[in-house]
Amino acid sequence: MSQKVRVRFAPSPTGPLHIGGVRTALFNYLFAKKHGGDFLLRIEDTDQNRYVEGAEAYIIEALNWLNIPYDEGPTSTALSTGSKEGDCGPYRQSERKDLYRQYADALIESGNAYFAFDTSEELDAHRKDHEEKGKTFIYNWHNRLKLKNSLVFSAEETQQKIKNGEEYVIRFKSPEDETLYLNDIIRGGMQVETSVLDDKVLFKSDGMPTYHLANIVDDHLMKITHVIRGEEWLPSLALHVLLYRAFGWNAPQFAHLPLILKPTGNGKLSKRDGDKMGFPVFPLQWKTAEGDLFSGYREDGYLPEAVVNMLAFLGWNPGTEQEIFSLEELVEAFELERVHKAGAKFDPEKTKWFQHQYLQMVNDSTLAKDFSKFLKDKNISTSTDVMRIVSLLKERATFVSDLWEQGSFFFEAPKTYDEKAAEKAFKPETPELLQKVISILNTSEDFSSENLSEKVKGWITSENIGFGKVMMPLRLALVGEMKGPEVFDILSILGRKESISRIEKAIDFIG
């Protein structure tokens, strides 16, 4: 591409960042990095009534956690991200509001916009009247000359109304009868009849622009080359292309991403779906002002690499059988042309599958540190070899917390024995057999799993005892359940003293 690629992620700080927004940020990031371009963050906070304290910091923290940080954007003192202000700042629309009026005025001067003084009550009355006649009220060429605006009033009347403090908006003047040809990188060619478009509000008398005007002006001034955004903005594409034309600017290329659907495929994924089905829909935990707590992928134990890999496959595929991609591999493989048009069904189980794959890639040393922190948070002290425990358990684990669920017996002796297993394993001859195991443990200087296996199995074979008669009660004595890795690995990690203590306790239980 001859022009340097510049893309932006432009969320509103109205609450936590939904994974649909995260995917939009990810696809923008991948596209920018694929083409050696810039990834910008712009905070679209013109609607101050919906502003939520902490939402901007949350957005920035989520992008950093996922390792997709922006190249240009607002500096967050709260997160100490340092200065990322480029030449196109400020990157909060609330700090740019003085810019927008001049562009609204320019549209009025060129005849592409006009002042409208209709009150909300008057417009509601028009809508109701149309409904009663079986029609739909659209503020455009059909009726704009019958309403209260500067296309009807003289220039003097218009200025007098503004001077008198009458509330007004500035509306875009949509073309009356034109076929507009549009192109989308993902969806291809489209056409829209401008006669059905309404005259959207661009600017309000309170001095704030609407999304449409601010969005177009900012994208132009920030030199955005590609607008990659959610499907919900597709109905606005015609207006945005017309605004670029009205200003005499070259429009960027557009790509509208498919919706992320509920696991059932019926409708857009919402936070209620996560609450109901037990999976996060936010990257990080979020606590509302009312005290409601919503789970996040980070706090639920997911690795950021797994979340990124999962999100990349929601609506995109590489055209190969490969499913596990590092971020660098995603950058290399990503193409907007391979993004689907149809909605992408969210699969919580597939997300766990990605997490499991990535946990297996974590080296034992790092995983041992994470698990040690988990144990510390549970106030569990240990002198056992955590790294060795991790190496034995990780193959069956999806989350760090699974290591505890599968291996808590390494740190806490069983208080009870599984009832069904005990009934099957503990027999009248069991105490005598377990006493012999204790003798072997007491006389084994080498307490490695290999040596213990050789000694115990050698005795069982020489005495012609069924293996189950010894190994089942031995496992139950050590673990409390019929689960866990190789028994001799458990013995070796627990050590002589703890192993014998647990076996003696089981003998006492059997009586």
Side-chain angles (χ1 to χ4, degrees), residues 1 3 5-12 18 20-21 23-28 31-32 37 40 42 44 46-47 93 100 103-104 107 110 112-113 136 138-141 170-203 209-261 268 315-316 335-344:
M1 298 182 185
Q3 188 180 1
V5 167
R6 283 172 66 82
V7 300
R8 52 49 168 195
F9 175 52
S12 297
H18 187 277
R23 186 196 60 175
T24 299
L26 173 63
F27 282 17
N28 273 278
F31 184 79
L40 282 67
R42 184 173 71 230
E44 301 203 334
T46 53
D47 189 351
Q93 284 188 336
Y100 304 119
Y103 290 98
L107 289 174
S110 65
N112 287 294
T136 301
I138 304 176
Y139 201 129
N140 66 3
W141 66 277
I170 296 176
R171 288 181 178 272
F172 182 68
K173 188 179 178 184
S174 297
E176 181 176 332
D177 190 16
E178 180 186 341
T179 300
L180 195 64
Y181 295 94
L182 308 171
N183 188 64
D184 185 279
I185 296 172
I186 295 169
R187 295 159 196 280
M190 296 168 279
Q191 61 185 61
V192 173
E193 300 302 321
T194 61
S195 295
V196 302
L197 300 176
D198 57 347
D199 293 353
K200 289 289 188 186
V201 174
L202 301 179
F203 201 87
T210 61
Y211 166 81
H212 301 291
L213 178 65
N215 179 275
I216 296 306
V217 170
D218 287 346
D219 281 349
H220 173 70
L221 296 179
M222 292 181 180
K223 304 171 186 175
I224 300 303
T225 60
H226 297 76
V227 172
I228 304 167
R229 59 189 180 183
E231 180 182 304
E232 62 271 22
W233 294 113
L234 197 56
S236 301
L237 179 58
L239 170 64
H240 292 176
V241 169
L242 287 170
L243 277 168
Y244 275 103
R245 188 175 77 180
F247 281 122
W249 299 335
N250 291 326
Q253 294 187 59
F254 291 91
H256 290 83
L257 307 176
L259 294 175
I260 298 179
L261 305 176
K268 186 178 178 181
W316 170 86
E335 293 177 358
L336 281 171
E337 289 79 4
R338 298 204 66 86
V339 175
H340 306 155
K341 299 176 188 177

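Note that these values count all heavy atoms, side chains included, but never hydrogens, waters or copies made by symmetry.
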Q: Strictly under 6.0 Å, is that where the ring centroids of F31 and H226 end up?
A: yes
Q: Can you find a side-chain donor-acceptor pair between E176 and T194 that sits under 3.5 Å?
A: no
Q: Less than 4.5 Å apart, side chain to side chain, heavy atoms only: is that true for L180 and Q191?
A: no
Q: Please determine whether a side-chain nitrogen of the Lys or Arg among E44 and R229 lies less than 4.0 Å from a carboxylate oxygen of the Asp or Glu.
A: no
Q: If you compare all heavy atoms of I170 against all heavy atoms of A104, which two are closest, and at what distance to 0.1 Å?
A: CD1-CB, 3.9 Å
Q: Please check this pair: side chain of D198 against backbone of I138, looking for a donor-acceptor N/O pair closer than 3.5 Å.
A: no
Q: So, the side chain of D199 versus the backbone of S174: is there a donor-acceptor pair under 3.5 Å, distance only?
A: yes
Q: Please name the pair of heavy atoms, one in M222 and one in R6, separated by the smallest distance, quoted to 0.1 Å.
A: O-NE, 2.9 Å
Q: Roughly how far apart are K268 NZ and L259 CG, rounded to 0.5 Å?
A: 6.0 Å
Q: Could you tell me whether a side-chain N or O of N28 sits under 3.5 Å from a main-chain N or O of I228, the two making a donor and an acceptor?
A: yes
Q: Less than 4.5 Å apart, side chain to side chain, heavy atoms only: is that true for K173 and N112?
A: no
Q: So, the side chain of W141 versus the backbone of S195: is there a donor-acceptor pair under 3.5 Å, distance only?
A: yes
Q: Looking only at heavy atoms, which two atoms of F247 and Y103 are closest? And how far apart?
A: CE2-O, 3.5 Å
Q: List the atom of A255, the atom of I185, and the distance in Å for their closest heavy-atom pair.
A: CB-CB, 4.1 Å
Q: Nearest heavy-atom pair of R8 and N215: which atoms, and what distance?
A: NH2-ND2, 3.0 Å
Q: Kindly give the heavy-atom pair with the smallest separation between Y100 and A214, and that separation in Å.
A: CE2-CA, 3.6 Å
Q: With a 4.5 Å cut-off on side-chain heavy atoms, are T210 and K200 touching?
A: no
